[in-house]
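First the structure, in the form of structure tokens, and then the observations on it.
Given the structure is predicted, the values throughout are model-derived calculations rather than measurements.
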Amino acid sequence: MISQDVVVATRFLAHLADLPLECDGTTRALSHLLNHAHVEHEVHVGALEVDGVGRIDHHWWIKLRDSFVCDARTVMWLVPEACVQQGVFNPSPLMSYKTEAILFPECNATIFWILTGQSSQSFLTHFNNHGHTSI
């Protein structure tokens, strides 16, 4: 059964996916929203290697407490193959995340506004007004 944390992260990430951000910006914005929703998570910086596809040397992602990964930018840097997952998922055995640092999840409204062009409060209000469960 998929946890409520995975559902919340998936919905947030879907709303952030179209922003012109790379992995670091998307990860920071998502971390901020997950903090507001009281979802435990870790912000990871390191590398991602997908067997037979390629490697991203400087990459950011979020790990939820149930081992799900939130990664919105794999296809930006790797050829879109069936084994290259993106979004919120349990990584396939072909995907190898190598953590170099775990950062404290940021909860900074100013950075969120700079990255997304809106306050987290307006984002959450819009999110909640479009049929999503209140956070």
Side-chain angles (χ1 to χ4, degrees):
M1 179 171 194
I2 295 178
S3 72
Q4 183 63 24
D5 291 352
V6 170
V7 171
V8 169
T10 300
R11 289 179 178 164
F12 282 154
L13 198 54
H15 282 50
L16 295 170
D18 292 334
L19 293 174
L21 300 172
E22 294 194 16
C23 59
D24 59 333
T26 304
T27 298
R28 287 174 190 244
L30 179 59
S31 176
H32 181 74
L33 295 170
L34 293 174
N35 281 334
H36 274 280
H38 307 289
V39 172
E40 289 182 41
H41 65 284
E42 297 174 336
V43 175
H44 289 249
V45 178
L48 166 63
E49 186 162 357
V50 182
D51 289 349
V53 178
R55 179 180 171 94
I56 307 170
D57 285 317
H58 184 73
H59 194 55
W60 291 51
W61 67 93
I62 287 176
K63 188 171 181 183
L64 300 176
R65 64 180 163 190
D66 56 4
S67 299
F68 274 74
V69 167
C70 305
D71 190 343
R73 297 298 183 244
T74 54
V75 176
M76 175 184 269
W77 297 108
L78 297 174
V79 177
E81 298 282 339
C83 60
V84 177
Q85 295 168 279
Q86 182 168 284
V88 181
F89 54 88
N90 267 320
S92 79
L94 298 175
M95 297 181 78
S96 177
Y97 284 91
K98 307 272 193 233
T99 300
E100 295 170 13
I102 298 175
L103 306 177
F104 183 75
E106 293 182 22
C107 190
N108 185 320
T110 302
I111 290 175
F112 186 86
W113 185 83
I114 290 168
L115 293 170
T116 66
Q118 61 186 314
S119 72
S120 53
Q121 188 58 48
S122 67
F123 180 95
L124 292 168
T125 299
H126 176 79
F127 182 83
N128 290 333
N129 287 338
H130 284 86
H132 299 286
T133 305
S134 292
I135 303 296

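Atoms CD1 and NE2, from I62 and H41 in turn, are 4.5 Å apart once rounded to the nearest 0.5 Å. Taking CD of Q121 as the start and NE2 of H36 as the end, the distance is 7.5 Å to the nearest 0.5 Å. Taking OG of S3 as the start and CG of L64 as the end, the distance is 7.0 Å to the nearest 0.5 Å. W113 CH2 to S122 OG: the interatomic distance, rounded to the nearest 0.5 Å, is 10.5 Å.
With a 4.5 Å cut-off on side-chain heavy atoms, W61 and L30 do not count as touching. By the 4.5 Å heavy-atom criterion applied to side chains, E81 and V50 are not counted as neighbours. A 4.5 Å side-chain heavy-atom check between L21 and L115 finds at least one atom pair inside the cut-off. When side chains are defined from C-beta on, T116 does not count as touching F123, because their heavy atoms never get closer than 4.5 Å. In this structure, L34 and E40 have side chains that are not in contact, with every pair of non-hydrogen atoms separated by 4.5 Å or more. Using a 4.5 Å cut-off on side-chain heavy atoms (C-beta onward), F89 and M95 make contact. Taking 4.5 Å as the limit, every side-chain heavy atom of E49 sits out of range of all side-chain heavy atoms of K98. Using a 4.5 Å heavy-atom threshold, the side chains of L33 and L16 count as touching.
Contact record, H32 with S120: NE2-OG, 3.1 Å, taken as the closest heavy-atom pair. Residues L78 and G54 come closest through the heavy atom pair CD2-C, 3.7 Å. Scanning all heavy atoms of the two residues, the minimum distance from Y97 to P91 falls at CE1-CG, 4.0 Å. Of all non-hydrogen atoms in A47 and R55, the two that sit nearest each other are CB-NH2, 3.4 Å. The two residues E22 and W77 come nearest to each other via the heavy atoms OE1-CZ2, 3.3 Å. Nearest heavy atoms, A72 versus L13: CB-CD1, 3.6 Å.
Note on L19 and L124: same hydrophobic cluster, where clusters join Ile, Leu, Val, Met, Phe, Trp and Tyr whose side-chain heavy atoms are under 4.5 Å apart, directly or indirectly. Cluster annotation: V53 is connected to L48 through the hydrophobic network of ILVMFWY side chains, with a link wherever side-chain heavy atoms come within less than 4.5 Å. Residues V7 and V88 share a hydrophobic cluster, clusters being chains of Ile/Leu/Val/Met/Phe/Trp/Tyr side chains in contact below 4.5 Å. With hydrophobic clusters built from ILVMFWY side chains whose heavy atoms lie under 4.5 angstrom apart, V69 does not share a cluster with I2. One hydrophobic cluster, built from ILVMFWY side chains closer than 4.5 Å, holds both F112 and L103.
Checking each of Q86, H44, H59 against D71 for a side chain to side chain donor-acceptor pair (under 3.5 Å) leaves exactly one that passes, namely H59.
T10 places a side-chain N or O within 3.5 Å of a backbone atom of V6 that can act as its donor or acceptor partner.
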With side chain to side chain contact (heavy atoms under 4.5 Å, CB included) as the test, would you mind laying out the steps for R73 and W60 before giving the verdict? CA-CA 9 Å; R73 297 298 183 244; W60 291 51; over 6 Å; no
Give the C-alpha distance, both sets of side-chain angles, the deciding distance and a yes or no for side chain to side chain contact (heavy atoms under 4.5 Å, CB included) between N90 and S67. CA-CA 7 Å; N90 267 320; S67 299; 4.1 Å; yes
Please walk me through it: do V84 and V75 pass side chain to side chain contact (heavy atoms under 4.5 Å, CB included)? CA-CA 7 Å; V84 177; V75 176; 4.3 Å; yes
